[in-house]
Amino acid sequence: MEELENLLQSPSTSKRLTSRALDLSNEENVDGMGENVKGLYIDVVSKHKVIIKHHKPKIIDDKIYDVNKTSRKRKLSEKSMAQHAACVNCGYKVYETDFTITCDKCHKLVHKGCWDDMFDRIFLTERLKWNSNFVKREPKRPKLCSSCFDYKASKKSSTGKNEKIKLDAPTLSKRGKIQIDKTSMETRSSTKAVKVGVQELHQSKDSKMEVHDETVDTSPDTDYNRHVSTLVSNALDGIGYSIEMIKYRQRLFIENDSCVNKFKTQPDERVTTGGKAEGTTMYYESDTDYMFVVKDTVCTDDMRSFESFKYITLIQTESKGCSPGYTRLKLVKLAGRHYRNVINKSAVVMENGEEYLSNVRYIDGVLDNEEVFRNRDGFVAVPVSGPSTPITHRYDSFDNVIALRCYCSKLIKQWLSRPRPNNWPTKEDLEWIAQLEAHAVPVGYKGSINQEFEWRVCYSLAELYLMKSLNECQIQIYIALKMLAKNCLQSISKDITSYVLKNVTLWVCESRPIGDFQKDCLLERTLDGLKFLQKCLKENNLPSYMISRRNLLAGRITADQRRQLSDLLETLITERARLFLRISKINDAIFAMHKVPDSLEEYGKKRNRLERLVLLRSWIREDVWLPGMNRGLKFQVAGKHVAYLPLERDMEVILNFDEVGMKRKGKSMTEIDALWVRMIQMMMS
């Protein structure tokens with residue numbers, strides 16, 4: 001507590017807390033945040049003394065409150081509860097812990113994430129109209145839902161139907177922040193590519209018949225397959241993989257990242273990736289994947305767009321002579337403030353006198369940088385795996401990747417111009433993805449003669465965007481494939497990873513019309529994914545979805561493993577509906593649905609409620625964090641949040657956890673905490 005008081009009373013900290021208090025007390029910032037998730041606000045009095053105050057939260061299940069300032073925080077009536085029980089934009093349930101805004105016209109609730117996404121798309125064109133010296137401000141976003149907003153009026157200055165998709169080179173604002181500037185690197189709309197793809201499809205009668213036969217299923221087992229698909233989908237809903245819980249996880253991890261990234265003095269920006277960000281894994285089901293993007297550093301193949309910038313570290317990408325999807329990084333200018341020692345340490349002077357970055361030295365520099373924080377917070381370093389530097393802390397595991405911002409116009413052009421006969425992703429999605437940046441991560445192609453100096457180019461943001469755009473059937477295909485891999489395939493080869501199956505899922509989604517991805521088609525589409533994976537194993541070539549020339553299987557799986565995997569996949573395809581019984585979670589859920597359906601439903605509600613509480617608790621911890629605050633101090637400050645203890649009491653009720661009784665039996669606090677976490681892990685893993 002003495003350390004906490006010293007931190008809070010220091011002039012530098014009180015200054016940050018003062019600005020934070022002003023932000024939270026501002027009506028524009030407070031407006032639209034739920035009463036129960038409204039955090040602490042801070043009032044600074046004389047001599048830098050900080051007083052922490054709280055708003056009393058309403059942690060009541062299924063209670064919705066209208067917190068719009070214009071309506072004076074009126075409580076919604078029971079009659080209007082049904083009207084406000086779901087988000088107007090996405091149609092999914094609004095829980096008591098959601099971040100929401102209230103539409104000024106219809107007074108219905110909208111998820112803050114859905115509201116942000118809607119206006120990100122609407123103002124995309126305006127957002128990209130930058131001047132050469134300053135960033136043009138984005139129009140003010142009205143608090144309106146998708147039904148009440150006038151799209152036509154807002155689209156007057158937007159691009160027309162036949163306008164080209166433009167890949168925008170980044171620029172810097174006055175403060176040195178990297179922005180997007182429309183300069184060069186144009187590609188045509190995917191309309192022409194789709195036409196070309198359709199023509200190629202019709203040139204082969206055999207391929208046309210094959211697609212037709214797979215699309216129109218006239219087998220007598222069609223009704224049975226649809227029934228099994230619906231049954232398995234309902235089973236996944238009951239054990240925590242419903243579309244509502246998936247969307248909920250996605251929104252909360254976005255909020256967690258925003259809590260960390262709001263501090264401009266940080267040397268990097270955190271992006272949660274992997275299953276946590278996609279919403280396809282529960283809180284304790286797997287490691288948390290973080291990508292930290294270094295600020296003031298740019299890797300690019302278009303040097304002209306950055307030559308005039310003074311205060312950035314400029315790196316040129318050279319893909320010639322490298323494996324597909326990999327590049328070498330030539331250091332042109334070291335002028336950025338952040339990670340200078342790491343980049344300088346990784347630079348190696350070659351025979352031609354040029355400096356190239358070594359991925360091995362880069363990771364060594366990152367490990368040296370992180371050693372202070374690991375020792376301070378009690379983390380234990382795990383052996384390096386690929387580009388990541390994993391760490392663990394008792395019950396939590398993290399895979400951290402320190403990435404460099406990368407703009408590779410040629411790679412994204414190839415992806416955008418690829419034929420897409422089924423119009424997926426849509427043109428709007430292509431326009432959005434065209435503006436997203438890539439990242440260079442420190443790992444070379446296995447077996448390459450230049451492996452130490454090759455860096456992998458990743459489109460993690462684009463892949464994450466696509467995963468979030470999947471519908472219920474598509475996302476459950478991915479979950480089913482991951483479960484099959486864990487229960488069956490990974491016993492032969494650990495290289496059938498979640499990332500491999502993510503690419504399989506995206507290829508399957510692109511290969512079929514969106515109408516084929518319904519809840520009652522889960523079995524057939526899962527079989528499509530297994531057939532595609534089997535074909536790739538036989539050819540020893542699984543193309544990456546974003547960089548199709550990159551083979552995800554190269555140098556990873558031996559010939560004997562490929563043969564065993566192909567045989568096992570053939571068995572799974574032959575089993576058809578019975579393959580789901582190989583997945584222990586689905587098998588148990590289906591058994592419970594038939595024997596004790598009421599108990600399964602009650603368990604599902606408790607499990608979902610518990611995970612929402614755990615996610616909200618993690619948000620409180622991230623929200624109170626300040627730069628320089630260690631893990632223990634962060635937890636102490638979070639424990640003073642007025643919503644924290646009620647959250648843990650609700651969790652105890654759900655778990656039927658009797659802490660007082662355990663103390664009477666002589667259990668130590670360490671043993672009680674270990675049992676507490678173990679019980680949560682059992683329900684959320």
Side-chain angles (χ1 to χ4, degrees), residues 170 172 176-178 257 260-261 263-273 289-300 306 309-318 322 326-350 353-377 379-391 398-408 437-445 450-458 460-461 627-628 630:
L172 295 179
K177 185 178 179 180
I178 297 176
D257 287 341
V260 176
N261 295 332
F263 298 102
K264 305 303 180 184
T265 56
Q266 291 296 96
D268 45 42
E269 294 179 357
R270 193 184 80 180
V271 181
T272 305
T273 59
D289 299 322
Y290 287 137
M291 180 172 66
F292 294 90
V293 184
V294 179
K295 295 180 180 178
D296 300 337
T297 301
V298 177
C299 308
T300 182
F306 299 92
F309 302 141
K310 295 182 179 179
Y311 303 110
I312 65 170
T313 296
L314 188 58
I315 301 170
Q316 184 176 2
T317 59
E318 294 183 357
C322 296
Y326 291 82
T327 184
R328 291 192 301 169
L329 301 182
K330 183 174 74 173
L331 182 61
V332 177
K333 179 174 63 175
L334 183 61
R337 294 182 300 164
H338 306 298
Y339 284 85
R340 287 178 61 94
N341 60 330
V342 176
I343 296 174
N344 193 35
K345 180 179 178 180
S346 62
V348 178
V349 180
M350 308 299 282
E354 302 288 354
E355 290 184 296
Y356 287 85
L357 301 189
S358 163
N359 55 58
V360 176
R361 293 191 177 190
Y362 182 85
I363 290 180
D364 290 341
V366 169
L367 290 173
D368 292 341
N369 257 16
E370 292 179 346
E371 185 176 3
V372 177
F373 302 101
R374 288 198 307 270
N375 296 336
R376 183 193 68 184
D377 294 339
F379 285 102
V380 178
V382 180
V384 174
S385 174
S388 69
T389 54
I391 54 175
F398 304 93
D399 281 345
N400 300 329
V401 176
I402 311 299
L404 303 177
R405 186 175 279 105
C406 185
Y407 296 93
C408 298
E437 62 199 27
H439 299 94
V441 297
V443 62
Y445 181 76
N450 296 319
Q451 182 176 348
E452 182 182 348
F453 295 95
E454 287 185 346
W455 292 59
R456 183 190 299 162
V457 179
C458 301
S460 301
L461 297 181
N630 63 35

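Small disclaimer: the values here were computed from a predicted structure and weren't measured. Position 1 is the first residue of the sequence, and the numbers go up from there.
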- Message: Tell me the closest heavy-atom pair linking Val457 and Ala438, and the distance in Å.
- Response: CG1-CB, 4.1 Å
- Item | Test side chain to side chain donor-acceptor pair (under 3.5 Å) applied to Glu452 - qualifying residues, sequence neighbours left out | Ser358
- Can you tell me how far CG of Leu329 sits from OG1 of Thr300, rounded to the nearest 0.5 angstrom? 11.5 Å
- Query: Taking C-beta and beyond as the side chain, do Arg405 and Cys299 meet within less than 4.5 Å on heavy atoms?
  - Reply: no
- Query: Tyr339: what forms a ring-ring contact (aromatic ring centres under 6.0 Å, His included) with it, not counting sequence neighbours?
  - Reply: none
- Heavy atoms only: give me the nearest Glu318-Cys322 pair and the separation to one decimal. O-SG, 3.6 Å
- Side-chain touch Val382/Ile391, heavy atoms, less than 4.5 angstrom: no
- Residue pair Ala347 / Leu331: nearest heavy atoms and the distance that separates them: CB-CD2, 4.1 Å
- By side-chain contact (heavy atoms from CB on, under 4.5 Å) - contacts of Ser346 (at least two apart): Leu357, Arg361, Tyr362
- Is the count of non-hydrogen atoms from other residues, nucleotides or ligands lying under 6.0 Å from Arg337 atom CZ greater than 12? no
- Apply ring-ring contact (aromatic ring centres under 6.0 Å, His included) to Phe453 and list each qualifying residue two or more places apart in sequence or on a separate chain. none
- Message: Could you tell me if the side chain of Glu355 sits less than 4.5 Å from the side chain of Lys330, heavy atoms only?
- Response: no
- Partners passing side-chain contact (heavy atoms from CB on, under 4.5 Å) against Asp377 (at least two apart in sequence or in another chain): Phe379, Asn630, Arg631
- Can you name the residues that form a side-chain contact (heavy atoms from CB on, under 4.5 Å) with Val443, not counting sequence neighbours? Pro387, Val441, Arg456
- Asp257: partners by salt bridge (Lys or Arg N to Asp or Glu O under 4.0 Å), with sequence neighbours left out: Arg270
- Query: Given side chains that start at C-beta, do those of Lys295 and Pro267 come closer than 4.5 Å, heavy atoms only?
  - Reply: no
- Item | Ser460 side, atom OG; Met291 side, atom CE - distance, nearest 0.5 Å | 4.5 Å
- Starting at NZ of Lys333, measure out to CD of Gln316 and round the result to the nearest 0.5 Å. 13.0 Å
- Message: Is the ring pair Tyr445/Tyr326 parallel, tilted or perpendicular, if the boundaries are 30 and 60 degrees?
- Response: perpendicular
- Note on the structure: When rounded to the nearest 0.5 Å, the distance separating CG of Leu314 from OG1 of Thr297 is 9.5 Å
- Distance, nearest 0.5 Å, that separates CZ of Phe292 from CD1 of Ile402: 6.0 Å
- Query: Can you tell if the side chain of Glu454 reaches within under 4.5 Å of the side chain of Thr327, non-hydrogen atoms only?
  - Reply: no
- Item | By side-chain contact (heavy atoms from CB on, under 4.5 Å) - contacts of Asp399 (at least two apart) | Asp287, Asp289, Ser388, Pro390
- Item | Residue pair His338 / Asp268, side-chain heavy-atom distance below 4.5 Å | no
- Hey, does Cys406 have a side-chain heavy atom less than 4.5 Å from the side chain of Glu437? no
- Task: Tell me, with the steps shown, if Tyr290 and Val401 meet side chain to side chain contact (heavy atoms under 4.5 Å, CB included).
- Result: CA-CA 6 Å; Tyr290 287 137; Val401 176; over 6 Å; no
Name each donor-acceptor pair under 3.5 Å that joins a side chain in residues 363-371 to protein atoms two or more places apart or in another chain, with its distance.
unit_1	atom_1	unit_2	atom_2	d
Asp368	OD2	Lys345	NZ	2.7
Asn369	OD1	Asn341	ND2	3.1
Glu370	OE1	Thr389	OG1	3.4

- Do Thr313 and Val298 have side-chain heavy atoms sitting under 4.5 Å apart? no
- Task: Please round to the nearest 0.5 Å and tell me the distance separating atom CG of Asn359 and atom CG of Asn450.
- Result: 11.0 Å
- Who are the side chain to side chain donor-acceptor pair (under 3.5 Å) partners of Thr273, not counting sequence neighbours? none
- Item | Residues in ring-ring contact (aromatic ring centres under 6.0 Å, His included) contact with Tyr356, at least two apart in sequence or another chain | none
